[in-house]
There are 2 protein chains.
Amino acid sequence: MPVPSQRYVRNQLLSILGGDDYGAVQAVAESVMLGRRDILIAGNKTITHVYFLEAGIASEIAATPEGRRIEVCITGREGMVGVPLLLDVDRTPHETFVQIEGEALRIDAASFRTLIEERPNLRRTFANYAYVAHLQTAGTALSNGSHTLEERLARWLLMCHDRVDGDEFPVTHEFLSTMLGVRRPGVTTAIHSLEGGGMIKARRSHIQVLDREKLKTAAGDSYGVPEIEYGRLIRTGR
Amino acid sequence: MPVPSQRYVRNQLLSILGGDDYGAVQAVAESVMLGRRDILIAGNKTITHVYFLEAGIASEIAATPEGRRIEVCITGREGMVGVPLLLDVDRTPHETFVQIEGEALRIDAASFRTLIEERPNLRRTFANYAYVAHLQTAGTALSNGSHTLEERLARWLLMCHDRVDGDEFPVTHEFLSTMLGVRRPGVTTAIHSLEGGGMIKARRSHIQVLDREKLKTAAGDSYGVPEIEYGRLIRTGR
DNA sequence: CAGAGATTGTACGACATAGTACAGACCCCG
DNA sequence: CGGGGTCTGTACTATGTCGTACAATCTCTG
């Protein structure tokens, strides 16, 4: 599959680059399909590629030696996977995997290092994204510490909705319980509650967003801070 | 107060710089005292300085429009305050303030930008720290989501202990409750529990660490991941 | 189209923490 | 040295979530 011209690239970070910067990316990038559960960055292994998602969603998972796992950041076509490489870090204890299948442009680690070394504007755009990702992770910390399960679920669904085409995406209660770090039956109950409010429609292995505004209300103040900063720092014009 | 020579600098990031890089820092840095509750970075205002702590502790607080506040990252002399500037971001919704008074070398925003533009090694060292800070924030997210108050308190005390001289530091239950995002009486109870285990000694407005190893046990797997990565990425040799 | 596996629904007691209230202890300042 | 403010201890009910178990439902495959 060929790497698209900038005009047709769907990744928002790449779409706002200067034309020659994009050309440099295009020269070293390759297009790949992302299958569900593919591991993009394995924990404590050398990072091989940076991914710019064109479609689909990736999740970054923090884990402990004892095996606790919880999602700390999600990325879609608004961002990139592989921030550690940008920060001159070769591997990370966190794992990043494909949560919703899609497609990405990827660049191998060595080429990426050269690229950002030679093109400061590129580095700056990516650095801005890295900061938004930090805000999102901080938002997750805040939310995990002080919002109810229902609010956190609403936040999660909104963030997912922001990153997919259409209003529906595949996700199981079990999966959500891992992402949110809670009990599976708790997720079931929370979903029923949101469904009762007419915000979503749940089907086996799928959730459809019906009323985004109501969902925002249900999320309370857990949703929005990183999203606003993204809009301020990374102006896509699309 | 003069900026110390590298030999006497206490900030660990600065202490490992190449000699000429440190010289460049020294040329634009100024030494300042940090009083309790001083705001180093105000929320949604232009960031004026980067701070390299020589003593004391700073806390980064995530806040929502509705006024929820919770600590997402703490910094002592192992790091720097002002990561957004490193990532070419001029302001942030988060606030960073002085939790334990101390001292810092600071550099104004413009000089800092020039510095990291001209000295890639400097930028890389600071970027590595930025990544460790991300890991710490992710650890906070994990901890807030899946550890008990007592474990989280133990983690917090350990992180504080890592960053002060001696085994005692000033902190009130009320303050801890804000940092951890929990009820104040809950902190009181948790402190009693740790105290009962002989790990700490609590006095009015002060906590003393008596048995660090036991405290680590009490923290379970909530403590340690970012600390290990810091050691791997930033080798201080001191 | 039957059976196996995956997913979802529901129940129940246990527990952690919230919210709130108030009293006691400590400490500094006048 | 007395009084006001800050800090800590404790109590009570309410609520959210846990841990666990098991049944019901859906879906895919053979």
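Excluded from the calculations below are hydrogen atoms, water molecules and symmetry mates; all remaining heavy atoms, backbone and side chain alike, are included. In the text below, chain A, chain B and the rest are named by the order of the sequence lines, each starting its count at 1.
Atom C1' of nucleotide dT8(D) and atom CZ of Arg203(B) are separated by 14 Å, given to the nearest angstrom. As a whole-Å value, the separation of His206(B) NE2 from dT6(D) P is 17 Å. dT6(D) atom P lies 10 Å from atom CZ of Arg204(B), rounded to whole Å. Computed from coordinates, the Asn144(B) CG to dA18(C) C1' distance equals 16 Å when rounded to whole Å. Atom CD in Glu195(A) sits about 12 Å away from atom C1' in dT8(C), given to the nearest Å. Straight-line distance from the CD1 atom of Ile70(B) to the C1' atom of dA18(C): 14 Å, rounded to whole Å. Rounded to an integer number of Å, the gap from Glu151(B) CD to dC15(C) P is 16 Å. With rounding to whole Å, Ile207(A) atom CD1 is found 12 Å from dT8(C) atom C1'.
The side chain to side chain donor-acceptor pair (under 3.5 Å) with Trp156(A) is formed by just one residue from the set Glu151(A), His161(A), Glu71(A); it is Glu71(A).
Pairing each heavy atom of Gly220(A) with each of Glu66(B), the nearest pair is C-OE2, 4.4 Å. The two residues Ala55(B) and Leu34(B) come nearest to each other via the heavy atoms O-CD1, 4.4 Å. In this structure, Met179(B) and Ser59(B) approach most closely via the heavy-atom pair SD-OG, 4.1 Å. Between Leu233(A) and Val132(A), the shortest heavy-atom distance links the atoms CD1-CG2, 4.0 Å.
Contact check for Tyr223(B) versus Leu215(B): no side-chain heavy atoms found under the 4.5 Å cut-off. Using a 4.5 Å heavy-atom threshold, the side chains of Arg232(A) and Arg91(B) count as touching.
Between Lys201(A) and Asp167(A) there is no salt bridge, since no side-chain nitrogen of the basic residue lies less than 4.0 Å from a carboxylate oxygen of the acidic one. Taking 4.0 Å as the cut-off between side-chain N and carboxylate O, Glu30(A) and Arg106(A) count as a salt-bridged pair.
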For nucleotides 12-19 of chain D, just jot down a letter per nucleotide in 5' to 3' order: B, S or -, based on protein non-hydrogen atoms under 4.0 Å. -----SBB
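Near-neighbour residues of DNA chain D inside residues 168-180 of chain B, defined by a heavy atom below 4.0 Å, number-ordered: Thr172(B), His173(B).
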